[in-house]
Structure formats: structure tokens, C-alpha cells
2 protein chains.
Amino acid sequence: MNQEDPGFESDHNHQHCIAQALETAHTLCRTRHQRLTPVRELVLKLVWQNHQPLGAYELLPALADAGFNSAPPTVYRALEFLQEQGFVHRIASLNAYVGCPHPERPHRSGFLICRNCKRAVELNTHDVHSALKDSAATLGFEIEQEMVEVVGLCPDCRTSGADHAQ
Amino acid sequence: MNQEDPGFESDHNHQHCIAQALETAHTLCRTRHQRLTPVRELVLKLVWQNHQPLGAYELLPALADAGFNSAPPTVYRALEFLQEQGFVHRIASLNAYVGCPHPERPHRSGFLICRNCKRAVELNTHDVHSALKDSAATLGFEIEQEMVEVVGLCPDCRTSGADHAQ
DNA sequence: GATCATTATGTTATACTATAACAATCACTT
DNA sequence: AAGTGATTGTTATAGTATAACATAATGATC
Ligand SMILES: [Zn+2]
Ligand SMILES: [Zn+2]
Ligand SMILES: [Zn+2]
Ligand SMILES: [Zn+2]
């Protein structure tokens, strides 16, 4: 969303993304008097392993490997907490979860999702929100949450000729 | 989306909405050489029974009553056809389906969804799309589909004091 | 430190949503 | 009438998410 965010640039140092996300989460939890417990931290780390949204059930094996209970409620509870804190977003059209690069302030999330490589990049939705607010105001509707999920082809997949029909 | 669409006005003649939707569907199917079979027509009618999105499994009892097979594939196939023809939209955040008032031309759908009365109103997403296109262009992303789902309070539910926290 | 209330996790079961696979039937063309 | 493709019936299963209750860990209070 900011200039320094990697977007769809595939050659960034992703270990840095992960380390940064974990550190931010720790800091925010401390100031918010919330607990980033081991299982929550692990789920956050797993969600951040790459920029592709992960389904809840894809996380369970790794939880089992780490010695945690790996029944669905465990991962869903962790994901619920992480969402409440703004550390991850749920992508409804994929039933999947992805790390948020800017959890320090709550925001309306929007995503560009590549149908080929499956990466999802969070979008600055300022202008989209303005447009939505106007439309909603016309109808007298009071916005509380927005979900914007755009599917298409990322720059890498366009140039690599992956633009065959889905 | 157009001026004459009811939006959140609850006192419109909804039988007219239904009749209109069915007639439009019949006409479009004829020109498109598609078949609006009895089960498809029934599902379309059921989805249009009100302006609240309906889950697939909520349609099954009515299918059984009408003498159709009421196993899930029946309704999912009908919904798939109706979506392909643009007669209904799926709302991903609700796992639910709602009739489209303007199936005559394909369009990117957006919805305002009231968290209190559960009604969903389709939105003109022209300005939203413009904003999205700009953001996407900056990142080199090629848009193919857009999903915009906004949750909040409709005018009726705001004035009737239903604006307690969810 | 012991007590207590609160929060978090473990565990089992189940609800909800959607599709796979194959058989039977229907509709249209030849 | 026969053949072909589309549609529907049927059974089974995959995939996603939560309910309910037991147990354990945490943090505040005495
Ligand atoms: Zn990264
Ligand atoms: Zn891609
Ligand atoms: Zn209506
Ligand atoms: Zn309402």
C-alpha cells in the first residue's frame, strides 16, 4: 500500500517481510495488552510464509509438526485473534487468509489476486472507498466494512505469457 | 443501479420484481439459445422471493416441495447456470445468492449488505471500478473480475434504531 | 504463595458449503 | 428412429467452519 511495499515484485527478501510482521505483531500486542501466544505466533508466521493466501486447513499439518493440537478450532481461534488484531485478513472469495503488512492502524482491506500464481497484494483503497462512500450515501447506507477482492493477472504472469483463459 | 431500481425502499411491489426477473430471464434465454428449464426457473424464482441473499441449502426444501430432486447438486447446477447467464450473483462473504436486476448486460457486481435486515442491494460500481483500475494499473495488474461487498446499515435499519453494535 | 476469575487451549463432535462421479433421462438434429 | 449432447437423478465425499464442554495457563487479589 505504501511506496516501500513489495507489491508483486517477486525478488524481494521475503524473510524480511516475515521478520517484520512478527516483530510488529509483538510490539502491537504489548501496547494493546494482548497475548501473542506460541500458537498464535506460529499461525501468523505460517500465514506469512509466502504472499499466497492460505486456507485454514493448510495450516493444520504445520501445527501438528510443532507439537500443537491440530484440530480445526485451534487454527480458527488463532486466525480469529489475528484478524481482530488486524494482523491477517480473510479473503472471502478464496476462503483463505493472508498477512497484513500494515496492522498498526485498522483499515479497510482490498486485494489484487493473481489467478495464475495465486499471490495476493493488498491495495490502497482510499479512492475506492471514496467512490463507495458516495454511492452508499446516495442510498442512505452507512458503511461499516468493505470487502474488495479483484482477480486478474499480476505483472509477472502477464509478461510470462500465463494469460491463457482461466 | 438505475434510477428506477428500488434500492432499499421496502414498500415497493416486490411481486413485480419477481415477475420482471422471470420474464427477462425467459427472453434472454431465448435469444441466447439457452434453456430455462423448470428447475432453473424455480431456483431463480426462489432466489428472487425477497431481497435477502439465500444460501443454496435454503432452496432445497422448496425444490423437494415442487417434486424435484433436492440433493445439493441440483441446486448448485441451477445456480451455476443462473450465474453464467448473469441472472443471479453469488455473495462470497455470505455464501449466498441473490437475483440480479440487470442481467441483460454483463457487469461487475457490487453489493451493499445490511447487517441487520440482511437485505442486499446491487450497486452501480462505475466509479469504484475506475478507482480500482487506476490502482491496479499502477501495479501493472490486469483486472478480470471484481468483487465488492460492503456491510453496514441500510436506511431503514438506521432510522429504526437498529444501529446497536453487531 | 494460595485463591479466584479470566483467558486460552485441548478435544470431540457436528454443522454448513460445495463438488466428484456415474447413471438415467431429455431435447434436438439428422 | 437413431444418435448426440445437454440436463437431471443419485450416491458419496470433499472442504470449510463452529458448538460445546473439559482442561490448563495466566494474571490479579488477598
Ligand atoms: Zn514478502
Ligand atoms: Zn501472478
Ligand atoms: Zn424487489
Ligand atoms: Zn437493514
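First the proteins, then the strands, lettered A, B, ... as listed; each starts at 1. Note that the coordinates shown come from a computational prediction; the quantities given were computed from them, not determined experimentally.
Less than 4.0 Å separates DNA chain D from at least one heavy atom of each of the following residues of residues 21-40 of chain A: A:R35. Using a 4.0 Å cut-off on heavy atoms, the residues of residues 77-88 of chain B that approach DNA chain C are B:R77, listed by number. Within a heavy-atom distance below 4.0 Å of DNA chain D, the residues of residues 65-73 of chain A found are A:P72, A:P73.
The side chain to side chain donor-acceptor pair (under 3.5 Å) check on B:S135 picks up nothing, with sequence neighbours excluded. Not a single salt bridge (Lys or Arg N to Asp or Glu O under 4.0 Å) links A:R90 to another residue, sequence neighbours left out. Residues passing the ring-ring contact (aromatic ring centres under 6.0 Å, His included) test with A:F141, sequence neighbours excluded: B:F8. Residues that satisfy the salt bridge (Lys or Arg N to Asp or Glu O under 4.0 Å) test with B:E149, not counting sequence neighbours, are absent from this structure. In this structure, the side chain to side chain contact (heavy atoms under 4.5 Å, CB included) partners of A:A120, at least two apart in sequence or on a different chain, are A:P53, A:I91, A:F111, A:I113. Applying the ring-ring contact (aromatic ring centres under 6.0 Å, His included) test to B:H14 and every residue at least two apart in sequence or in another chain returns B:H12, B:H51.
The distance between atom CD of B:E41 and atom P of D:dT7, rounded to the nearest whole Å, is 15 Å. The separation between A:L59 atom CG and D:dA17 atom C1' is 14 Å, rounded to whole Å. Atom-to-atom, CG of A:L60 to P of D:dT16 comes out at 11 Å; the value is rounded to the nearest Å.
For D:dT18, the base is not stacked against the aromatic ring of A:Y76, per a cut-off of 5.5 Å between centres and 30° between planes.
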Atom pairs and distances, side-chain donor-acceptor, residues 19-31 of chain A, under 3.5 Å, sequence neighbours left out:
unit_1 : atom_1 : unit_2 : atom_2 : d
A:T24  : OG1    : A:Q20  : O      : 2.8
A:H26  : NE2    : A:E41  : OE2    : 3.0
A:T27  : OG1    : A:E23  : O      : 3.0
A:T31  : OG1    : A:L28  : O      : 3.0

If you look only at distance, which donor and acceptor atoms sit under 3.5 Å apart when one is on a side chain in residues 59-83 of chain B and the other is two or more places apart or in another chain?
unit_1 : atom_1 : unit_2 : atom_2 : d
B:N69  : OD1    : B:A71  : N      : 3.1
B:N69  : ND2    : B:T74  : OG1    : 3.3

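A heavy-atom distance below 4.5 Å is found between the side chains of B:L44 and B:F87. Side-chain contact between A:W48 and A:C100 is absent, with no heavy atoms from C-beta onward closer than 4.5 Å.
Aromatic ring centres of B:H129 and B:H107 lie farther apart than the 6.0 Å criterion allows.
Taking CG of A:L132 as the reference point, atom CG of B:D127 lies at 9.5 Å (rounded to 0.5 Å).
Within the 4.0 Å cut-off from OP1 or OP2 of D:dA17, at least one side-chain nitrogen or oxygen of A:Y97 is found.
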Quick one, A:Q145 with A:R108, criterion side-chain hydrogen bond (donor to acceptor under 3.5 Å, both in side chains). Give me CA distance, side-chain angles, the key distance, then yes/no.
CA-CA 7 Å; A:Q145 307 168 42; A:R108 303 163 190 279; over 6 Å; no
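When DNA chain C is scanned 5' to 3' for any atom under 4.0 Å from a heavy atom of chain B, the first and last hits are C:dT17 to C:dA27.
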